Amino acid sequence: MAYSSCLGLYIEEHLIKYAKVSKDHDKLKVESFGVKFYDKMGEAIQQIIQETYSQKTPISINLSEEMYQYFDMFALLTKNDLQKAIKTEFESYCSDKGYNPNVFESRYAIVGSQEEKDKVRVIHIAANKIELNKQIQQVEGYKLSNVSPISMAVTSLIDIDKKENSMIVNIEENTTITTILDDKIYNIDKIEEGSKDFLTKINLKENSYAKAYEICKNTTIYTSEGKELQEEQSTYLEDIMPTLYKIVRNVREKIQTNGDRIKKVYITGTAALINNIDLYFEEYLENVECEILRPYFIPNIGDISIKDYMEVNSAISLGLMGIGEGITGMNFKTLTLADRIPDWLKLEISPDREPKDKKYLGGMFTWDLGQSLDKTEIGFVRISIGLLLLVIIYSTFSGLLANQMNRKKQEAEESIASTSQEITLANQDNEKIKSKMNEYTTLLKNLEEANNKIADRNKTRNRIPNLLNQIMSIVPENVQLTSIENTSNTHIIINAKSNKYEQLGYLKAKIKTEVILTNVISTAGQKDNNAVTVKIEGDLP
């Protein structure tokens with residue numbers, strides 16, 4: 001359902017870009033626009049609606065966290081067969097990824113295949129219903145009419161020439177690259193890098209997201225032929241340029257994938273406000289014209305004014321989607337009961353008017369009677385029409401309410417089934433984790449035991465040489481060691497002889513007092529001829 005006016009809200013973390021767009025016949029106009037930073041999103045949206053006098057104006061917002069898939073189908077399929085084939089392909093994709101297809105709301109666009117002329121290319125877009133409902137709740141209480149992916153909406157800003165193959169690089173919180181071939185959207189790529197990366201870095205320095213945003217607007221990129229940077233500019237460019245380099249490198253790869261077909265790159269989003277960014281892109285994208293995206297219907301009325309419009313390109317494109325401009329079929333907002341009621345049923349009954357040849361009945365209809373009715377007859381006709389309207393409204397509300405209840409019931413059942421499936425998968429994963437933990441515990445225990453054995457072996461290996469060195473330093477001159485034996489793990493037996501018994505006693509005393517061995521004991525000396533032999537035992541400390 002298209003409207004003559006719509007408030008576009010591009011919402012991301014910390015800021016909202018807004019633009020109120022109207023259409024009078026074929027003339028498009030941006031009535032008001034701006035950027036608002038927020039701590040509480042609800043309060044910011046309320047302020048925007050009040051400032052733009054949009055209490056009864058339809059609102060269009062951006063979809064977030066959507067997924068893109070591409071399917072090739074035969075061009076000769078009927079509409080019903082094509083829908084079934086697309087559904088089957090998406091279910092197969094979800095099965096491979098372990099997703100439940102029922103938790104997604106999806107839309108798709110169809111273009112001719114560039115590679116195979118007998119096939120069509122399906123651009124399939126899917127969004128999680130839970131996340132989608134969270135977005136819708138952000139503008140609860142207002143007239144939300146449209147939720148569209150910004151990658152599709154932004155194409156409404158250019159007047160596509162059939163001879164011009166181009167790309168739109170929208171560098172907002174994240175970056176989307178929309179490829180347009182033969183005046184049709186052919187491919188969409190999402191890049192995680194975007195303005196949030198450098199705005200967050202600058203915010204850490206300035207402690208103000210709004211100031212970080214203004215710094216980006218006033219930052220200039222100096223190309224290879226530019227002048228030397230000042231220290232302050234260099235500081236902020238250090239935060240900005242790594243992100244821009246990753247983005248332009250991705251764009252170059254996408255252009256190379258398309259051969260020589262891409263002739264122009266449009267740059268938009270928050271990063272497009274950085275001075276000379278188009279020249280920076282042109283340095284890396286050879287033989288490709290790069291320019292900042294300006295809405296095609298806005299006249300060139302001065303650089304400052306144009307730049308202000310460009311700042312809210314995303315919001316303008318969402319507003320255009322709300323009034324029926326741009327690609328159709330991308331609205332993820334399901335029509336509610338209020339949306340389905342015809343506008344003529346919402347009209348208020350006007351005050352009585354003086355009856356002439358045509359009688360005004362409640363201000364909604366005229367009745368050519370040819371003669372005047374008295375007040376009683378006019379009152380009766382008004383009551384009859386009022387009752388008729390009540391019956392129509394009641395019937396409409398009842399039918400729509402029943403449909404809504406059935407739909408909500410179905411969604412609840414699907415959600416319950418999805419949750420049950422996720423719980424089952426979680427339990428299976430839990431069992432696998434427990435099994436792996438037991439396996440890892442066993443392996444860890446074995447590893448610790450092996451490490452302990454190695455440590456003991458190394459400890460013992462080092463003790464014997466140390467023991468020998470210590471004994472050699474204390475052996476008296478008249479004492480001869482006949483043998484040193486390691487009988488067990490730490491037990492040592494030393495056999496020694498001397499012609500003087502007191503020298504053997506001195507050796508034992510030194511071993512004991514210097515704690516070369518512990519638990520030291522010795523045998524009584526045995527004399528054989530002039531030699532006295534003794535056996536000293538102890539444990540390594």
Side-chain angles (χ1 to χ4, degrees), residues 8-20 30 32-39 44 47-48 51 62 150 154 157 168-176 191 193-223 226-227 229-248 251 265-283 290-295 298 300-319:
L9 299 179
Y10 175 77
I11 304 172
E12 61 180 51
E13 189 177 8
H14 300 300
L15 66 88
I16 301 174
K17 298 181 179 181
Y18 64 92
K20 188 173 184 179
V30 179
S32 56
F33 59 90
V35 178
K36 187 170 289 292
F37 300 89
Y38 68 87
D39 293 319
Q47 291 174 5
I48 292 170
E51 291 172 5
N62 55 298
I150 193 64
V154 74
L157 297 174
I168 301 177
V169 182
N170 191 19
I171 311 174
E172 295 285 13
E173 186 175 26
N174 302 113
T175 302
T176 59
I191 303 175
E193 289 82 13
S195 60
K196 73 173 186 301
D197 296 303
F198 50 79
L199 286 176
T200 300
K201 292 178 182 178
I202 299 174
N203 178 43
L204 291 175
K205 296 178 180 179
E206 302 296 337
N207 198 27
S208 169
Y209 207 85
K211 187 173 181 180
Y213 184 86
E214 288 300 319
I215 286 172
C216 287
K217 289 177 62 175
N218 296 319
T219 297
T220 299
I221 299 175
Y222 293 102
T223 57
K227 63 181 181 180
L229 297 179
Q230 297 178 3
E231 183 178 355
E232 182 180 358
Q233 294 171 325
S234 176
T235 300
Y236 296 128
L237 284 175
E238 288 176 357
D239 300 320
I240 296 172
M241 296 310 295
T243 299
L244 293 185
Y245 176 73
K246 291 178 183 178
I247 294 171
V248 76
V251 174
V265 169
Y266 294 97
I267 306 166
T268 183
T270 296
L273 305 176
I274 300 173
N275 298 312
N276 288 348
I277 189 173
D278 51 339
L279 301 179
Y280 173 74
F281 268 64
E282 280 190 346
E283 280 195 347
C290 299
E291 67 178 55
I292 308 301
L293 176 57
R294 185 185 78 183
I298 296 178
N300 192 355
I301 55 178
D303 292 339
I304 297 177
S305 297
I306 289 297
K307 188 171 182 179
D308 289 342
Y309 279 111
M310 293 176 177
E311 184 176 3
V312 294
N313 272 348
S314 294
I316 294 175
S317 67
L318 291 169

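Worth saying up front: this structure is predicted, and the values here are computed from it rather than measured.
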Any side-chain heavy atom of C216 sitting closer than 4.5 Å to one from I202? yes
Note, I171 side chain near T270 side chain (heavy atom, < 4.5 Å): no
Tell me, do N275 and I221 make a side-chain contact under 4.5 Å, heavy atoms counted? no
Reported CD1-to-CG distance for the pair I247 and L244, which is rounded to 0.5 angstrom: 5.5 Å
Around atom NZ of K201, are there more than 12 heavy atoms from other residues, nucleotides or ligands closer than 6.0 Å? yes
Which atom pair, heavy atoms only, marks the closest approach of I267 to F281? CD1-CG, 3.7 Å
Close side-chain approach of Y10 and E172, heavy atoms under 4.5 Å: yes
Is there a side-chain contact between K196 and E12, using heavy atoms and a 4.5 Å cut-off? no
Counting C-beta onward and ignoring hydrogens, is there a side-chain heavy-atom pair between V169 and V265 closer than 4.5 Å? yes
Look up atom OH in Y280 and atom SG in C290, then write down how far apart they are to the nearest 0.5 Å. 11.5 Å
Under the criterion salt bridge (charged side-chain N to carboxylate O under 4.0 Å, His left out), I'd like the reasoning laid out for E51 against K36: C-alpha separation, chi angles, the key distance, then a yes or no. CA-CA 11 Å; E51 291 172 5; K36 187 170 289 292; 3.4 Å; yes
CD-CG distance between E283 and D278, expressed to the nearest 0.5 angstrom: 11.0 Å
Report the distance from atom CG of L273 to atom CG of D308, rounding to the nearest 0.5 Å. 9.0 Å
Taking the side chain as every heavy atom from C-beta outward, state whether V30 and I298 have any atom pair closer than 4.5 Å. yes
Tell me yes or no: between the side chains of E206 and Y236, is some donor less than 3.5 Å from an acceptor? yes
Rounded to the nearest 0.5 Å, what separates atom CD1 in I277 from atom CD1 in I292? 6.0 Å
Is the shortest heavy-atom distance from the side chain of N170 to the side chain of L293 under 4.5 Å? no
Which heavy-atom pair separates L9 from L318 by the least distance, and what is that distance? O-CD1, 3.4 Å
With distance as the sole criterion, is a donor-acceptor pair present between the side chains of N276 and T220 under 3.5 Å? no
Minimum-distance pair of heavy atoms, taken over all atoms of I316 and A19: CG1-CB, 3.6 Å
Approximate separation, where rounding is to 0.5 Å, of S314 OG and E173 CD: 11.0 Å
Judged by atom type as modelled, is there a donor-acceptor pair below 3.5 Å linking the side chain of N203 to the main-chain atoms of Y209? yes
I want to know whether F33 and Y309 have ring centres closer than 6.0 Å. yes
Counting only N and O atoms by type, is there a donor-acceptor contact under 3.5 Å from the side chain of N174 to the main-chain atoms of E193? no
Restricting to non-hydrogen atoms, name the atom on I16 and the atom on A44 that form the minimum distance, rounded to 0.1 Å. CD1-CB, 4.0 Å
Could you tell me whether the side chain of N218 and the main chain of E214 form a donor-acceptor pair under 3.5 Å? yes
Looking at K217 and E311, is any side-chain nitrogen of the basic one under 4.0 Å from a carboxylate oxygen of the acidic one? yes
Heavy-atom closest contact (D197 atom, G194 atom, distance): OD2-N, 2.8 Å
